[in-house]
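Encoded as structure tokens, the structure appears first; notes follow it.
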Amino acid sequence: MKEVIEIVQKLRNESSTNGKIAILQKNKDNELLKKVLLYTYDPFKKYGMSEKSINPINSANFTIDIFELLDILSSSNINDSLRATANSFLGSIQNENEMELYKCILLKDLRMGINAKGINKVWKDLIPQFNVMLADKYFEKPQKVKGKEFIITQKLDGCRFVLIKDENGQVKYFTRQGQEIEGLVEFEEDSKKIPNNTVIDGELLLNIEGLHSKDLYRETMKESRKKGVKHGLALHAFDILTFEEFKQGISKTKCKERKEQLSNLISVHGFTNIIEVPIRYIGKDESVIIKLLDEAIANDEEGVMVNLSNAPYECKRTSNILKVKKFQDADLKVLSIEEGEGKNKGTLGRINVEYKNNTIGVGSGFSDEMRNEVYNNPNKYIGKIAKIQYFEETTNSKDNKPSLRFPVFLEWRFDKCEPSYY
DNA sequence: CAAACACTCTGGGGTTCAAAC
DNA sequence: GTTTGAACCCCAGAATGTTTG
């Protein structure tokens, strides 16, 4: 374990990513290192510990090792008794560096600037990964569609949903992060009709008419994340590829052709819970994008998606698909500021602003320089007005207080003394 | 050599579930 | 019965190193 600690230390001191990979490559045969990395970064191993709940208790030596402890934690429903066991285990470790390493494993972060993606470059498929195609932002890369044919569809605001039917005909359903969704008995009939070795990608939404996009989103999440049998959910499918291709991470079939395949499959079988996301436009006219965005917003929808017609399906974020949505902003009064965590320790983590008698935290949108400035001169900023970008107003079901979804700091409004918002 | 890309890290609101109070 | 903490869902954006054109 001493050697592993030294390697982790080396990785922390190396700023270059290629350098980190070289260090890992050099230690490729170190089985213990491999095991430490797997137990730390495997997203399906969960230990139920946080910075708060880790408080080592001095105790005698344990007969089990760290991996046995981690296996116990990850295979149980975590409770205080198990947390106490973990804390006693930490407290029994005499060597400070060793204890620090174990603490990092429990928190699932070795803090060395490299994660599953980088590790898998050295040991292929060591850390299980589940990747789907993700979109870039249209307003950051509008040039991507220039002169190319593209397809516009509605942007749906639900839960990403990937249906996988493997070579043997077994069907499973996953979220974007690869979490399996169980209890979807209403999908069984449709799933039987899907050919083996097929992946259908889409958005899971509750089948209710006439709800505003944000309410539909909230109700969908409630249903899809609860335990047991789920009702009234539908898959709004927008893409299709083979399971082989999905595992490879790419389908070279063009987007337009994939959408045709999907459309055929759906119309031939007449599914009850799988619905096709309709195409609203195919062509090269860029002015249509904003026109359809405005229509979507007027229709209480989240926005639109622009898909390049000839692009492959790639299991990563790509500018071959662009999301187009509109943000709003409000000028809000700063109530207080808070210190951050991790790399923001000793500087600004978030500001708290007032919105309709509710306090909202805003922690995104600050440069490092601004974080330091605000943290070191709080009186210059508390009580002042900040321009905050947000997507939409939300209300939680607990106390119905209004809040803002995706709040981001834009700029200071020293020219104003009073907040303003709709 | 600048621009684009890839990846990591920190920050948000809202929900469920299980355990703790 | 209510509160709390972890783990999810939806994310946005800054920083930094690497690759590309």
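Just so we're on the same page: letters track the sequence lines, and every chain starts at 1.
The NZ atom of A:Lys20 sits 13 Å away from the P atom of C:dT16 (whole-angstrom rounding). Regarding A:Leu204, its CG atom lies at a distance of 10 Å from the P atom of C:dC10, rounded to whole Å. One atom, CE of A:Met133, and another, C1' of B:dA6, lie 18 Å apart when rounded to the nearest Å. Put simply, CG on A:Leu73 is 15 Å from C1' on B:dA19, counting in whole angstrom units. Between the P atom of C:dA6 and the CD1 atom of A:Ile78 lies a distance of 10 Å, rounded to the nearest Å. A:Gln179 has its CD atom 17 Å from the P atom of B:dT16, to the nearest Å. In this entry the distance linking NZ of A:Lys401 with P of B:dG13 reads 12 Å, nearest Å. Between the C1' atom of B:dC9 and the CD atom of A:Glu341 lies a distance of 13 Å, rounded to the nearest Å.
A sub-4.0 Å separation between OP1 or OP2 of B:dA20 and a side-chain N or O of A:Arg83 is absent. Of the side-chain N and O atoms in A:Gln389, none sit less than 4.0 angstrom from OP1 or OP2 of B:dG12. Proximity of A:Gln177 to the phosphate of C:dC9: a side-chain N or O atom is located under 4.0 Å from OP1 or OP2. At the phosphate of B:dG14, neither OP1 nor OP2 sits under 4.0 Å from any side-chain N or O atom of A:Ser397. Proximity of A:Thr394 to the phosphate of B:dG14: a side-chain N or O atom is located under 4.0 Å from OP1 or OP2. Remark: A:Ser53 is not in phosphate contact with C:dG5, judged by side-chain N or O atoms under 4.0 Å from OP1 or OP2. Put simply, A:Asn77 has no side-chain N or O that comes within less than 4.0 Å of OP1 or OP2 on C:dA6.
One finds the CD1 atom of A:Ile114 at 6.0 Å from the CD1 atom of A:Ile119 (value rounded to the nearest 0.5 Å). Here NZ of A:Lys26 is found 15.0 Å from CD1 of A:Ile21. Values are rounded to the nearest 0.5 Å.
For A:Phe161 and A:Phe187, the ring centers are positioned less than 6.0 Å apart.
Within 4.0 Å (heavy atoms only), A:Lys214 reaches no atom of the nucleic acid at all. Residue A:Lys230 is classed as having no contact, given no heavy-atom separation below 4.0 Å to the nucleic acid.
Side-chain contact between A:Pro419 and A:Glu354 is absent, with no heavy-atom pair separated by less than 4.5 Å.
Between A:Glu100 and A:Arg12 a salt bridge is recorded (basic side-chain N to carboxylate O distance below 4.0 Å). Using a 4.0 Å cut-off between a side-chain N of Lys or Arg and a carboxylate O of Asp or Glu, A:Arg405 and A:Glu392 qualify as a salt bridge. At a threshold of 4.0 Å, the pair A:Asp80-A:Arg83 counts as salt-bridged, since one of the basic side-chain nitrogens sits closer than that to a carboxylate oxygen. Under the 4.0 Å criterion applied to side-chain N and carboxylate O atoms, A:Asp166 and A:Lys172 are not assigned as salt-bridge partners. Under the 4.0 Å criterion applied to side-chain N and carboxylate O atoms, A:Lys222 and A:Glu219 are assigned as salt-bridge partners.
Less than 4.0 Å separates DNA chain C from at least one heavy atom of each of the following residues of residues 343-365 of chain A: A:Ser364, A:Gly365. Interface residues of residues 217-227 of chain A facing DNA chain B, ordered by number: A:Tyr217, A:Arg218, A:Lys222, A:Arg225, A:Lys226, A:Lys227; criterion, heavy-atom separation under 4.0 Å. Contacts with DNA chain B (heavy atom under 4.0 Å) in residues 135-143 of chain A: A:Lys141, listed by number. For DNA chain C, the neighbouring residues in residues 367-387 of chain A, judged by any heavy atom under 4.0 Å, are A:Ser367, A:Asp368. A heavy atom closer than 4.0 Å to some atom of DNA chain B occurs in A:Arg111, A:Gly113, A:Ile114, A:Asn115, A:Lys117, A:Gly118, these being the qualifying members of residues 107-120 of chain A. For the segment residues 314-338 of chain A, residues with any heavy atom less than 4.0 angstrom from an atom of DNA chain C are, sorted by number, A:Lys323, A:Lys325, A:Phe327.
Residue order along DNA chain C, read from the 5' end via each residue's closest nucleotide, puts A:Met49 first among A:Leu410 and A:Met49. Residue A:Gly340 is the one, among A:Ser81 and A:Gly340, whose nearest nucleotide of DNA chain B lies closer to the 5' end (criterion: closest heavy atom). For the pair A:Asn396 and A:Asn79, both in contact range of DNA chain B, the more 5′-proximal nearest nucleotide belongs to A:Asn396. The nearest heavy atom of DNA chain C to A:Ser15 and to A:Glu203 marks one nucleotide each, and the one closer to the 5' end goes with A:Glu203.
Residues passing the salt bridge (charged side-chain N to carboxylate O under 4.0 Å, His left out) test with A:Lys10: none are found, sequence neighbours excluded. Shown here are the side-chain hydrogen bond (donor to acceptor under 3.5 Å, both in side chains) partners of A:Ser336, two or more places apart in sequence or in another chain: A:Asn352. Looking at residues two or more places apart in sequence or on another chain, you find no salt bridge (charged side-chain N to carboxylate O under 4.0 Å, His left out) involving A:Arg371.
Comparing C:dT18, B:dA20, C:dC10 against the side chain of A:Asn18 picks out C:dT18 as the nearest.
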Check residues 407-415 of chain A and write down every donor-acceptor pair under 3.5 Å in which the side-chain atom is one partner and the other belongs to a residue at least two apart or another chain.
unit_1	atom_1	unit_2	atom_2	d
A:Arg413	NE	A:Asp415	OD1	3.0
A:Arg413	NH2	A:Asp415	OD2	2.9

Pairs of donor and acceptor atoms involving the side chains of residues 291-304 of chain A, under 3.5 Å and at least two apart or interchain, shall be tabulated with distances.
unit_1	atom_1	unit_2	atom_2	d
A:Asp294	OD1	A:Lys326	NZ	2.9
A:Asn299	ND2	A:Glu301	OE2	3.4
A:Asp300	OD1	A:His212	NE2	3.4
A:Glu301	OE1	A:Arg280	NH1	3.0
A:Glu301	OE1	A:Arg280	NH2	3.4
A:Glu301	OE2	A:Arg280	NH2	3.3
A:Glu302	OE1	A:Lys155	NZ	3.1
A:Glu302	OE2	A:Lys155	NZ	3.3
A:Glu302	OE2	A:Lys325	NZ	3.3

What pairs of donor and acceptor atoms, side-chain ones from residues 173-184 of chain A against any protein atom, are under 3.5 angstrom apart with sequence neighbours left out?
unit_1	atom_1	unit_2	atom_2	d
A:Tyr173	OH	A:Ser191	OG	2.8
A:Thr175	OG1	A:Gln177	N	3.4
A:Thr175	OG1	A:Gln179	N	3.3

Go through A:Leu404 and A:Leu332 one step at a time and tell me if the side-chain contact (heavy atoms from CB on, under 4.5 Å) criterion holds. CA-CA 12 Å; A:Leu404 301 175; A:Leu332 304 174; 4.0 Å; yes

Could you go step by step and tell me if A:Phe246 and A:Phe130 meet the ring pair (Phe, Tyr, Trp, His ring centres under 6.0 Å) rule? CA-CA 10 Å; A:Phe246 187 76; A:Phe130 188 91; 5.5 Å; yes

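A side-chain donor-acceptor contact under 3.5 Å links A:Glu373 and A:Tyr381. In the model, A:His231 has a side-chain atom that pairs as donor or acceptor with a side-chain atom of A:Glu186 under 3.5 Å.
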